[in-house]
Engineer: 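Below is one structure. I have some questions about it.
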Amino acid sequence: MKASHLILGTQRENPSDAEIISHQLMIKAGLIRQVSSGIYNWLPIGKKVLQKVEDIIRKEMNEAGAQEILMPMVQPASLWESSGRIDQYGKELLVFEDRHENRFCLGPTHEEIITDLCKNLLTSYKQLPVTLYQIQTKFRDEIRPRFGVMRSREFLMKDAYSFDLDKTGLDRSYQVMKEAYIKVFNKIGLDYRIVKADSGTIGGSDSEEFHVLADSGEDLLAFSDKSTYATNAELLTELQDGQDPSTLEGKESPDGKGILKLKRGIEVGHIFKLGKKYSEILNLKIQSEDKEINPEMGCYGIGASRIVAAAIEQNHDDKGIIWPESLAPFEVAIVEVNPKNKREISDKCAEIYDLMKKNEIDVLWDNREKRPGVKFNDAEVIGIPLTIIIGDRTLESKEIEIKGRQDEKPKLVSHQDLLANIID
RNA sequence: CGGGGCAUAGCGCAGCCUGGUAGCGCACCUGCUUUGGGAGCAGGUGGUCGCAGGUUCAAAUCCUGCUGCCCCGACCA
């Protein structure tokens with residue numbers, strides 16, 4: 001991609017109404033623009049990053065045997081009346097009428113729809129176990145949207161639903177999804193913890209949350225420095241009679257391994273064992289060998305758009321975003337310095353650009369007629385991991401300057417070693 | 001929903017107190033000179049001053065109502 005053809009949307013100044021760093025940087029780097037409170041446009045760079053999150057999730061879901069479907073964003077309110085959640089969800093559920101005066105709502109989640117779908121789709125126990133998922137826009141009419149796409153009203157979510165004959169099956173399906181989630185977050189490359197959670201309004205028994213560690217997180221987590229033990233600190237203090245969570249720091253971990261540390265977390269994933277709650281209420285029955293049963297259900301969510309913000313919260317500096325390689329909108333930037341009257345520099349950029357494309361490296365060639373500082377600053381705020389600098393200094397030599405996003409100074413590599421340096 | 005703040009060009013802001021028909025920086029367009037960390041000069045484009053009433057010869061400015069956005073709290077995934 002040549003920068004001259006890219007709608008970049010970078011801004012020099014911070015927007016006055018963005019509070020947290022990820023929100024500021026997403027606007028400065030041209031990832032998003034606000035439309036209304038809690039509702040955003042995703043610009044080309046932002047969409048590319050979001051797409052990468054989606055692709056990683058999609059791949060691991062498919063790998064785990066889940067099947068992708070797409071359910072509607074608009075749902076009949078009658079289904080929510082049937083499940084009884086129309087009152088429970090309250091005003092967060094955006095309800096409206098169509099021209100025939102039938103009531104609909106924008107889907108904040110899809111337990112009702114999937115259960116209803118499966119009433120027609122799943123007829124025999126031989127089809128079980130099965131897990132279906134979608135990656136789709138959700139709408140929750142938050143009381144107070146804030147922090148950009150971190151707590152927005154409209155957001156992109158992957159939600160999966162499993163159906164099993166019995167509790168043992170549900171345990172197995174849940175475990176498969178949990179392992180897929182671990183692979184997703186490892187692959188994205190964020191520092192995260194899995195914590196025991198309160199299953200809240202969605203209902204059901206077991207539930208665990210995946211949290212990306214970041215100072216701006218809305219939840220306080222307590223976890224062991226030696227084991228995988230981790231919990232929401234507020235749940236832990238409840239057990240210990242309302243004491244200040246900060247007093248837990250340094251105490252022995254409840255599992256006896258290591259001591260407790262406290263950090264804030266951003267919830268990016270949540271997995272539940274729903275049990276028969278929805279299959280009973282909505283009357284989903286499947287024929288087993290000898291009788292009809294209500295299947296055991298699980299549901300599994302990942303906030304795709306929230307992951308983008310969380311990744312930035314965890315990885316940035318005063319210059320801008322520092323993407324993990326898995327999410328970077330481009331792998332390499334070519335900064336063309338001093339192109340006027342220097343046909344050779346443009347030619348050399350073109351040569352390297354072609355080399356990158358041939359090797360399927362996603363490259364942004366900054367061929368704009370801008371000062372070098374503008375180009376360096378744009379590459380840095382966007383967070384492109386590696387920059388190749390082509391200018392007078394190296395025009396005559398056989399060497400090329402490359403600079404990592406966090407390097408102080410560029411280093412020189414020979415033309416023939418260029419690819420090897422980029423690929424690793 | 002309670003408390004606080006803001007609304008003037010794409011972004012950041014001044015002007016409002018004391019009414020006289022809109023300005024600055026950045027961005028954008030044209031030209032020339034520049035070019036290794038957000039260039040200089042010259043010229044230029046772009047705004048029903050959030051909306052609706054009212055007061056006045058005259059309203060961005062004063063008055064009333066409304067709307068939107070942000071922050072804190074309560075709520076929640």
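We name chains A, B, ... by the order of the sequence lines, and we start the count at 1 in each one.
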Engineer: Taking the same atom, P, in B/rG10 and in B/rG2, what whole-Å distance lies between them?
Structural biologist: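 B/rG10 and B/rG2 have their P atoms separated by 33 Å.
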
Engineer: Rounding to an integer number of Å, can you tell me how far A/Leu94 CG sits from B/rA77 P?
Structural biologist: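 Value for this atom pair: 18 Å.
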
Engineer: Please give the nucleotide sitting opposite B/rA7 as a Watson-Crick or G-U wobble pair, both distances under 3.5 Å, or none.
Structural biologist: B/rU67

Engineer: Using the P atoms only, state how far B/rA60 lies from B/rC16, rounded to an integer number of Å.
Structural biologist: 14 Å

Engineer: Measure from the side chain of A/Val374, starting at C-beta and using heavy atoms only, and say which of B/rC75, B/rG37, B/rG38 lies closest.
Structural biologist: B/rG38

Engineer: What's the closest nucleotide to the A/Ser37 side chain, out of B/rG38, B/rA74, B/rC69?
Structural biologist: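 Output: B/rC69.
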
Engineer: Answer yes when A/Glu111 and A/Lys277 have at least one side-chain N-carboxylate O distance shorter than 4.0 Å, and no when they do not.
Structural biologist: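 No, A/Glu111 and A/Lys277 are not salt-bridged.
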
Engineer: Between C1' on B/rC26 and CG on A/Asp378, what's the gap in Å once rounded to a whole number?
Structural biologist: 14 Å

Engineer: Pick the nucleotide of RNA chain B nearest each of A/Arg153 and A/Arg146; which residue has the one closer to the 5' end?
Structural biologist: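 It is A/Arg153, whose closest nucleotide lies nearer the 5' terminus.
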
Engineer: Which part of the nucleic acid does A/Asn14 contact within heavy-atom distance under 4.0 Å: base, sugar-phosphate only, or nothing?
Structural biologist: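 Sugar-phosphate only.
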
Engineer: Check this for me, if you would: do A/Asp378 and A/Arg368 make a salt bridge, where the nitrogen-to-carboxylate-oxygen distance has to be below 4.0 angstrom?
Structural biologist: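 Salt bridge between A/Asp378 and A/Arg368, a charged N being under 4.0 Å from a carboxylate O: yes.
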
Engineer: Closer than 4.0 Å, any side-chain N/O of A/Lys370 to the OP1 or OP2 of B/rC28?
Structural biologist: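 Checking B/rC28 against A/Lys370, a side-chain N or O does come within under 4.0 Å of OP1 or OP2.
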
Engineer: Expressed in whole Å, how much space separates the P atoms belonging to B/rA22 and B/rG40?
Structural biologist: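 My reading of the P atoms in B/rA22 and B/rG40 gives 29 Å.
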
Engineer: Under 4.0 Å between a Lys/Arg side-chain N and an Asp/Glu carboxylate O for A/Lys183 and A/Glu63?
Structural biologist: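 Here A/Lys183 does not pair with A/Glu63 in a salt bridge, since their nearest N and O are not under 4.0 Å apart.
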
Engineer: Among B/rC69, B/rG36, B/rA77, find the nucleotide with the atom closest to the side chain of A/Pro410.
Structural biologist: B/rG36

Engineer: Between A/Glu336 and A/Lys2, is there a side-chain N and carboxylate O pair less than 4.0 Å apart?
Structural biologist: no

Engineer: Please determine, for the side chain of A/Arg144, which listed nucleotide (B/rG36, B/rC11, B/rG73) has the closest atom?
Structural biologist: B/rG73

Engineer: Rounded to whole angstroms, how far apart are CZ on A/Arg368 and C1' on B/rU34?
Structural biologist: 18 Å

Engineer: For B/rG37, does the base pair up with any side-chain atom of A/Glu380 as donor and acceptor (N or O, under 3.5 Å, distance only)?
Structural biologist: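 Side chain to base: pair present.
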
Engineer: Go through B/rG36, B/rG37, B/rC1 for me and flag the one nearest to the A/Asn377 side chain.
Structural biologist: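 The listed nucleotide nearest to A/Asn377's side chain is B/rG37.
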
Engineer: How is A/Arg306 classified with respect to the nucleic acid when contacts are heavy atoms under 4.0 Å: base, sugar-phosphate, or nothing?
Structural biologist: base

Engineer: Base, sugar-phosphate alone, or nothing: which one does A/Lys403 contact when heavy atoms must sit under 4.0 Å apart?
Structural biologist: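 Base contact.
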
Engineer: Heavy atoms under 4.0 Å, any strand shown: does A/Asp159 hit a base, just sugar-phosphate, or nothing?
Structural biologist: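 Nothing, no heavy atom under 4.0 Å.
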
Engineer: Considering every strand shown, what is the Watson-Crick or G-U wobble mate of B/rC76 when both distances are under 3.5 Å?
Structural biologist: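 The base-pairing partner of B/rC76, which may sit in any strand shown, does not exist here.
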
Engineer: Paired with B/rU61 by Watson-Crick or G-U wobble geometry, both distances under 3.5 Å: which nucleotide is it?
Structural biologist: none

Engineer: Could you identify the nucleotide paired to B/rU55, looking across every strand shown and requiring Watson-Crick or G-U wobble geometry with both distances under 3.5 Å?
Structural biologist: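 Base partner found: none.
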
Engineer: Is there a salt bridge (charged side-chain N to carboxylate O under 4.0 Å, His left out) between A/Arg146 and A/Glu19 once you walk through the steps?
Structural biologist: CA-CA 9 Å; A/Arg146 64 191 115 163; A/Glu19 197 73 6; over 6 Å; no

Engineer: Counting just side-chain N and O atoms, does A/Arg371 come under 4.0 Å of either OP1 or OP2 of B/rA39?
Structural biologist: yes

Engineer: Can you tell me how far C1' in B/rG47 sits from the matching atom in B/rC24, rounded to whole Å?
Structural biologist: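 That atom pair is separated by 14 Å.
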
Engineer: Could you check whether A/Ile27 gets within reach of a base, just the sugar-phosphate, or nothing at all, counting any heavy atom under 4.0 Å?
Structural biologist: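 Contact class for A/Ile27: none.
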
Engineer: Tell me whether the guanidinium CZ or amine NZ of A/Lys48 lies under 6.0 angstrom from the six-membered ring centre of A/Phe330 and within 45° of its axis.
Structural biologist: yes

Engineer: Given the P atoms of B/rG53 and B/rA14, what is the spacing between them in whole Å?
Structural biologist: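 Approximately 29 Å lies between the P atom of B/rG53 and that of B/rA14.
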
Engineer: Who does B/rU18 pair with, Watson-Crick or G-U, both distances under 3.5 Å?
Structural biologist: none

Engineer: Using heavy atoms to find the nearest nucleotide of RNA chain B for A/Arg393 and A/Asp219 separately, return the residue whose nucleotide is more 5′.
Structural biologist: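 The residue closer to the strand's 5' end, by nearest nucleotide, is A/Arg393.
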
Engineer: In whole Å, measure the gap between the C1' atoms of B/rU61 and B/rG20 for me.
Structural biologist: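 Here B/rU61 and B/rG20 have their C1' atoms 11 Å from each other.
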
Engineer: Answer yes or no: side-chain N or O of A/Arg151 and base N or O of B/rC76 forming a donor-acceptor pair under 3.5 Å.
Structural biologist: yes

Engineer: Base, sugar-phosphate or nothing for A/Pro15? Non-hydrogen atoms, less than 4.0 Å.
Structural biologist: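 Sugar-phosphate contact only.
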
Engineer: Tell me: CZ of A/Arg85 to P of B/rC76, nearest whole Å?
Structural biologist: 15 Å

Engineer: I'd like the C1' distance from B/rC6 over to B/rC75, given in whole Å.
Structural biologist: 25 Å

Engineer: Let's see if you can work this out: which of B/rU34, B/rG37, B/rC11 has an atom nearest to the side-chain heavy atoms of A/Gln11?
Structural biologist: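 Selected nucleotide (nearest to the side chain): B/rC11.
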
Engineer: For the residue pair A/Ser22 / A/Glu313, report whether a side-chain donor-acceptor contact shorter than 3.5 Å exists.
Structural biologist: yes

Engineer: Among the nucleotides B/rC69, B/rU35, B/rG12, which one has an atom lying closest to any side-chain atom of A/Gln34?
Structural biologist: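 Given the options B/rC69, B/rU35, B/rG12, the side chain of A/Gln34 is closest to B/rC69.
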
Engineer: Does B/rU30 pair with anything, Watson-Crick or G-U wobble, both distances under 3.5 Å, and if so, with which nucleotide?
Structural biologist: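 Answer to the pairing question: B/rA42, which forms a Watson-Crick or G-U pair with B/rU30.
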
Engineer: Within this structure, what is the CG-to-C1' distance between A/Leu395 and B/rG36, rounded to whole angstrom?
Structural biologist: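 It works out to 13 Å between those atoms.
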
Engineer: I want to check one thing: is the phosphate of B/rC70, taken as OP1 and OP2, less than 4.0 Å away from some side-chain N or O of A/Ser16?
Structural biologist: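 Result: no.
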
Engineer: Can you figure out which of B/rC75, B/rG37, B/rC70 approaches the side chain of A/Asp17 most closely?
Structural biologist: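 The closest nucleotide is B/rC70.
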
Engineer: Thinking salt bridges, do A/Asp215 and A/Arg264 make one under a 4.0 Å N-O criterion?
Structural biologist: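 Between A/Arg264 and A/Asp215 there is no salt bridge, as every charged N stays at least 4.0 Å from the carboxylate O atoms.
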
Engineer: Taking the P atom of each, how far is B/rC57 from B/rG19, in whole Å?
Structural biologist: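 Here B/rC57 and B/rG19 have their P atoms 15 Å from each other.
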
Engineer: Once you apply the 3.5 Å cut-off to both distances, tell me the Watson-Crick or G-U wobble partner of B/rG12, or none.
Structural biologist: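 Pairing partner: B/rC24.
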
Engineer: Is the shortest distance from a Lys or Arg side-chain nitrogen in A/Arg58 or A/Asp55 to a carboxylate oxygen in the other one below 4.0 Å?
Structural biologist: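 Counted as a salt bridge, because a side-chain N and a carboxylate O are separated by less than 4.0 Å.
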
Engineer: May I have the distance from A/Gln24 (atom CD) to B/rC11 (atom C1'), rounded to whole angstrom?
Structural biologist: 14 Å

Engineer: Given B/rU35, B/rC28, B/rA27, which nucleotide is nearest the side-chain atoms of A/Arg12?
Structural biologist: B/rA27

Engineer: Specify the separation, in whole Å, of atom CD of A/Gln88 and atom P of B/rC76.
Structural biologist: 11 Å

Engineer: Just call it for A/Glu92: base, sugar-phosphate, or nothing, with non-hydrogen atoms closer than 4.0 Å on any strand.
Structural biologist: sugar-phosphate

Engineer: With a 3.5 Å cut-off and no angle check, do the side chains of A/Asn186 and A/Tyr192 form a donor-acceptor pair?
Structural biologist: yes

Engineer: Would you mind reading off the distance between A/Lys28 atom NZ and B/rA27 atom P, rounded to a whole angstrom?
Structural biologist: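 After rounding, the gap between these two atoms is 14 Å.
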
Engineer: When you measure from the side chain of A/Phe376, which nucleotide among B/rG37, B/rA74, B/rA27 comes out closest?
Structural biologist: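 It is B/rG37.
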
